[in-house]
Amino acid sequence: MNGILILDGTGGSALSELVRSKAIEIAAAKGYEAETLEIGRDDLPPCIGCLDCITKHPGSCIYDAAVRPIAEKAANRRLVLLLASSSFGNPSSAAKNVMDRGMLIVKESCRQLVIGVGADASDEEASAFVDIVARHRGAAEIVHTRFRETIDAFFARRPEDCAAPIEFLARVL
Amino acid sequence: MKSVCLVNGSLRGRSASSLIFLNDLAARLVAPEFSSSLIGMTPGRSLPLPTRAFGAMACADAVVLAFPLFAYCLSGGFVRFLEDYLEYLDSEGGTRSGTRLYAIVNCGYPDPRITVEALRVVRNFCARAGLDYRFSVAIGCGPAAVMTRKVPLLNRKINRAWRSIARDIESPGGGREDIFVRPGIPKAILLRIKDAYEDKAWPT
């Protein structure tokens with residue numbers, strides 16, 4: 001296992017910078033290298049739901065040229081951290097284009113953590129975001145036999161909200 | 001006459017279950033009571049949508065969003081569409097007051113209640129866009145529902161759901177609850193079909 005990968009789909013904000021720098025700090029203290037990959041709105045074509053990655057050519061996306069470089073960077077990581085801004089409680093399009101390929105990008109053996117950031121998110125949006133990611137842990141098994149999810153989720157609207165995910169990171173690394 | 005804007009939130013083109021459901025609904029939204037228009041997305045990296053598509057959505061009496069469930073919520077492509085629509089509204093000075101919104105969510109899971117977080121996202125979107133959220137139709141195992149939608153007895157609940165949307169657009173009643181439609185085919189059979197597909201692709 002070679003460090004952690006931070007996929008930053010937030011487009012940059014003071015809050016996401018804070019979370020990112022704290023995560024890198026914790027990783028370094030634990031002896032892990034951290035690499036960051038910024039994912040913009042137009043960097044990944046949206047998943048079209050063809051299901052070819054499950055039914056026809058397992059493990060690869062029809063948009064292989066765009067998805068494979070991220071999957072290769074994520075391979076054998078101790079942890080993949082996805083920073084996502086919120087769009088009305090849903091992970092934003094940039095982050096969701098990654099999450100829709102979660103099965104291809106993040107392997108079962110890798111710990112996944114999703115941290116939503118958004119200073120203008122309402123209570124309900126922050127709560128929906130966490131429920132979407134964390135509430136169904138393991139439920140993917142019902143539909144996709146080989147997709148066993150272990151994803152933890154937090155949401156930060158203020159700098160003080162960053163304490164919980166950073167404590168979590170310190171505990172699991 | 002009520003103008004209805006039907007939005008296909010699937011990127012699967014003509015084979016999309018969402019589009020098939022919208023077409024079934026559109027068959028009930030006929031003149032002189034209704035005029036309906038269909039807009040959809042094109043698969044691609046940047047999802048270019050002409051502004052006039054957003055214009056039709058902003059001017060309609062009612063909007064129906066139909067989309068597949070991706071990882072318990074809206075797909076990246078469809079969220080992009082809604083993000084872009086909010087940007088459009090901001091640039092145009094907001095939505096027309098009183099536009100009603102309905103959603104049709106189809107999922108691969110037999111139990112349609114797995115869509116509840118996606119429905120929360122739709123309500124949150126309505127709050128931000130100034131739309132009047134009415135109710136949603138959540139359909140379990142969408143492809144199976146497509147296959148059985150013309151089969152008598154198996155299609156009653158889905159047909160009732162389309163009637164409910166048409167009636168509510170024409171004359172909105174009080175608060176309505178979301179409608180959850182389970183597939184007409186038993187869950188055990190659906191899971192066996194799914195396993196057969198995956199076993200073929202993932203030989204052990």
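Predicted, not measured: the structure shown is a model, and the values here were computed from it. Below, chain A is the first sequence line, B the second, and so on; all start at residue 1.
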Open item on the list: Using a 6.0 Å distance limit plus a 45 degree cone around the ring axis, check whether Arg128(B) lies over the aromatic ring of Phe88(A).
Closed with: no

TODO: Side chain from CB out, backbone as N, CA, C, O: work out which of these in Asn90(A) comes under 4.5 Å of a heavy atom of chain B, or both, or neither.
DONE: both

Open item on the list: Show the nearest heavy-atom pair for residues Ala129(B) and Leu86(B), with the distance to one decimal.
Closed with: CB-CD2, 3.6 Å

TODO: Please state whether the side chain, the backbone, both or neither of Asp120(A) comes within less than 4.5 Å of a heavy atom of chain B.
DONE: both

TODO: Output yes when Arg113(B) and Asp178(B) qualify as a salt bridge under the 4.0 Å nitrogen-oxygen rule, no when they do not.
DONE: no

- [ ] Please name the residue in the list Asn159(B), Asn155(B), Asp24(B) that meets the side chain to side chain donor-acceptor pair (under 3.5 Å) test with Arg149(B).
- [x] Asp24(B)

Task: Under 3.5 Å donor-acceptor, Arg101(A) side chain and Asn97(A) backbone - done: yes

Open item on the list: As an exercise: rank Cys50(A), Ser87(A), Ser86(A), Ala94(A) by heavy-atom pairs under 4.5 Å with chain B and give me the winner.
Closed with: Ser87(A)

Task: Side chain, backbone, both or neither of Ser127(A) within contact of chain B (heavy atoms, under 4.5 Å) - done: both

Task: Heavy-atom contact with chain B under 4.5 Å, split by part of Cys47(A) - done: both

Open item on the list: Tell me which of these, Gly89(A), Gly49(A), Ala95(A), has more heavy-atom pairs under 4.5 Å with chain B than the rest.
Closed with: Gly49(A)

